[in-house]
Q: 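Handing you this structure, nothing more for now.
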Amino acid sequence: MTFYTTTPIYYVNAQPHLGHAYTTIAADVLARHMRQRGEDVFFLTGTDEHGEPVALAAEAEGISPKELADRNAARFEALMPRIEATNDFFIRTSDPRHVEAVRELMQRIYDAGHIYKGSYEGLYCPRCADFKTPSEVGEGDTCPVHGIELAVEKEENWFFRLSAFQEDLEKLFEDQPEFVRPVERRNEALSFIKGGLRDISCSRAGLAWGVPVPWDEEQVFYVWFDALLNYFTALSFAKPGEDLTDKYWPADVQLVGKDILKFHAVYWPAILMAAGLPVQKSLVVHGYLLMDGEKMSKSLGNVLDPFEVMDRFGADALRFYLLREVQFGADGTVSTEGFETRYETELANDFGNLASRTLAMVGRWRDGKVAATTLDPAVGNDLAPLADEVAALLDKVEPTQALEAIWTRIRRLNRYVEETAPWTLAKDEAEAERLDQVLATLVEGIRVVTIALHAFMPVSTAKLLDALGVEDTSWAAASWQAEGPGGEVGALEPLFPKS
RNA sequence: GCCCCGGUAGCUCAGUGGUUAGAGCGACGGACUCAUAAUCCGGAGUGCGCGGGUUCGAAUCCCGCCCGGGGCACCA
């Protein structure tokens, strides 16, 4: 089976921040997990580079839009290895291959009769060379960028017949109740559709930084059309010499933040329908990361800096924290205090220390050898369902619940240590076999939770698995007693050191 | 104004008809010593926003209200 997942492509007019890391990390966890399960995975991310804001920013700096895009795209591309993202390709919409593919697809939609010439009327800024939406316009009908007064202008441009897809979209949402998740976002998109769809303009005149309309080279496509199509076009050129489109399209899970719901839940499926292509299988919408209950913003100075966190604690800790702390799909609060608490209590104390104490005991009393003995069913009963539970939760894109399921088991293992008190068993020769069993059970328990955690925290789990002498990180190996009993474990530095 | 989601222990949240409503964090008391002064146990702490209703029985269903957040189109 194949599994294709995407993040939004990030607009190059901004610096990479926590929000970008968040979506990408979630997608990466899915991608890594599905690879563990043996799926043929394709994971796409990239940058959105066309449009007026980039053109304006470049102009302000006295460089070309392409130069600006090159510089800023590099920052996003550099983010990926930093957060341990294993994207299979990084698409840039300024890529000529993408541009060409967009032209072909839009031509197809045009030929099918879904695009017509119309006129757009609105407040126009001649300096921006673009229309302003009511929400963008400043006081007294002024341009928020240039501060000049705006006049109502008409522009001839091309319109996409969105209204023609009203019924098909409603049917899509009815036939596939889980097309958009979580349910409140589905409702929101559906009510938007049911409210009556109007056609939208899909081209802009007077803007050069974009994909030229093939049948009207004076115009470029509205940047959202160009951007949305990336999920499809990338497949045609991501792998040199091979077109992956048929293999991976339609995408299985497209992840987006709630701010771009409408584009992905309404426009994008309609565009695909217009092009005669299958619609993506699902759209999963996450919320905002808030700090002090407010949306993060640099001006408020309340940003949890992902780079600072990673410098001090590593990418794994950031990945864990974001997915653990905030119920995926809902808005949630993040903070440096919250991070430190999770890091110390859950990563260092619960998980890291469980590994340390277990390996130390095996080292001290058994010279690192794990006996090939029967495991304790008391723990086995609790750990055995874990792999299926986690897989089912990640199928539903519920990483927060998956982590909770794993942590319940980590706590179980710590409790088991107290219940059995291996240090007491170690003092009594008659309890030698029991001690073997307890230690072997603990090692197996740790192996199972660590493989389950591998997609979330690839770096630290790899260290631990190495110390455990475990090589197979496939999902099949995440089952209780998937591997034969016995083995040898090595030493381990604290996985999550406390400062 | 209309629509959607939420309002459960000090904090963050789980729980969507049925035993004395749960978890984690925090706080208090205790146990233990293998471990990154980690871990484990215990009691305490709420009767589930408010008011009605349905039901043998509701946090869980229905109605109304209050509070918070979001959406109601061409901002990426």
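Heavy-atom basis, side chains included; hydrogens, waters and symmetry copies ignored. Here the structure is a predicted model, which means the values were calculated and not measured. Chain letters run A, B, ... following the sequence lines, proteins first, then strands; residues in each count from 1.
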Q: Between A73(B), C25(B), A35(B), which one does the side chain of Thr345(A) approach most closely?
A: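 The listed nucleotide nearest to Thr345(A)'s side chain is C25(B).
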Q: Do Ser201(A) side-chain and C74(B) base share a donor-acceptor contact under 3.5 Å?
A: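 For Ser201(A), whose side chain was compared with the base of C74(B), there is a donor-acceptor pair (under 3.5 Å).
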Q: Taking the side chain of Trp224(A) as its heavy atoms from C-beta onward, which of C74(B), C25(B), A76(B) lies nearest to it?
A: A76(B)
Q: Do Trp268(A) and Phe225(A) have ring centres separated by under 6.0 Å?
A: no
Q: Taking the C1' atom in each of G71(B) and G10(B), what is the distance between them to the nearest angstrom?
A: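 So the two C1' atoms sit 33 Å from each other.
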Q: Counting any heavy atom closer than 4.0 Å, what does Arg185(A) reach on the DNA or RNA strands: base, sugar-phosphate only, or nothing?
A: sugar-phosphate
Q: Starting the side chain at C-beta, find the nucleotide from C4(B), G71(B), A73(B) nearest to Glu188(A).
A: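 Comparing C4(B), G71(B), A73(B) against the side chain of Glu188(A), the answer is G71(B).
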Q: Let's see if you can work this out: which of C5(B), G24(B), G69(B) has an atom nearest to the side-chain heavy atoms of Asn187(A)?
A: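 Minimum distance to the Asn187(A) side chain belongs to C5(B).
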Q: Give a yes/no on whether any side-chain N or O of Arg415(A) is located under 4.0 angstrom from OP1 or OP2 of C41(B).
A: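 Indeed, a polar side-chain atom of Arg415(A) lies that close.
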Q: Do the side chain of Asn353(A) and the base of A35(B) come within less than 3.5 angstrom through a donor-acceptor pair of N or O atoms?
A: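 In this structure, the two groups form a donor-acceptor pair.
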Q: Measuring from the side chain of Val223(A) (C-beta onward, heavy atoms only), which nucleotide among A76(B), A23(B), U36(B) has the closest atom?
A: A76(B)
Q: Identify the nucleotide, in any strand shown, that forms a Watson-Crick or G-U wobble pair with C61(B), with both distances under 3.5 Å; if there is none, say none.
A: G53(B)
Q: Between U60(B) and C5(B), how far apart are the P atoms? Round to whole Å, please.
A: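 So the two P atoms sit 16 Å from each other.
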Q: If the cut-off is 4.0 Å, is Lys262(A) near the phosphate of G71(B), judged by side-chain N/O to OP1 or OP2?
A: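 Result: no.
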Q: Taking the side chain of Phe496(A) as its heavy atoms from C-beta onward, which of A23(B), U36(B), C34(B) lies nearest to it?
A: U36(B)
Q: Give none if G22(B) has no partner; otherwise give the nucleotide forming a Watson-Crick or G-U wobble pair with it, both distances under 3.5 Å.
A: C13(B)
Q: Between G24(B), A76(B), A73(B), spot the one nearest the side chain of Tyr222(A), thanks.
A: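 Side chain of Tyr222(A) sits closest to A76(B).
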Q: Just to confirm, is there a sub-4.0 Å distance from OP1 or OP2 of A35(B) to any side-chain nitrogen or oxygen of Arg364(A)?
A: yes
Q: Between Asp376(A) and Tyr416(A), does any side-chain donor sit less than 3.5 Å from a side-chain acceptor?
A: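 On atom types as modelled, these side chains qualify, holding a pair under 3.5 Å.
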Q: Which of these nucleotides, A76(B), G24(B), U39(B), is closest to any side-chain atom of Asn349(A)?
A: U39(B)
Q: Would you indicate which nucleotide in A73(B), U39(B), G70(B) comes nearest to any side-chain atom of Leu197(A)?
A: A73(B)
Q: So, Asn414(A) and Arg411(A): side-chain donor and acceptor under 3.5 Å apart, yes or no?
A: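 Absent: no donor and acceptor within the cut-off.
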Q: Can a donor-acceptor pair under 3.5 Å be found between the side-chain atoms of Arg198(A) and the base atoms of A73(B)?
A: yes
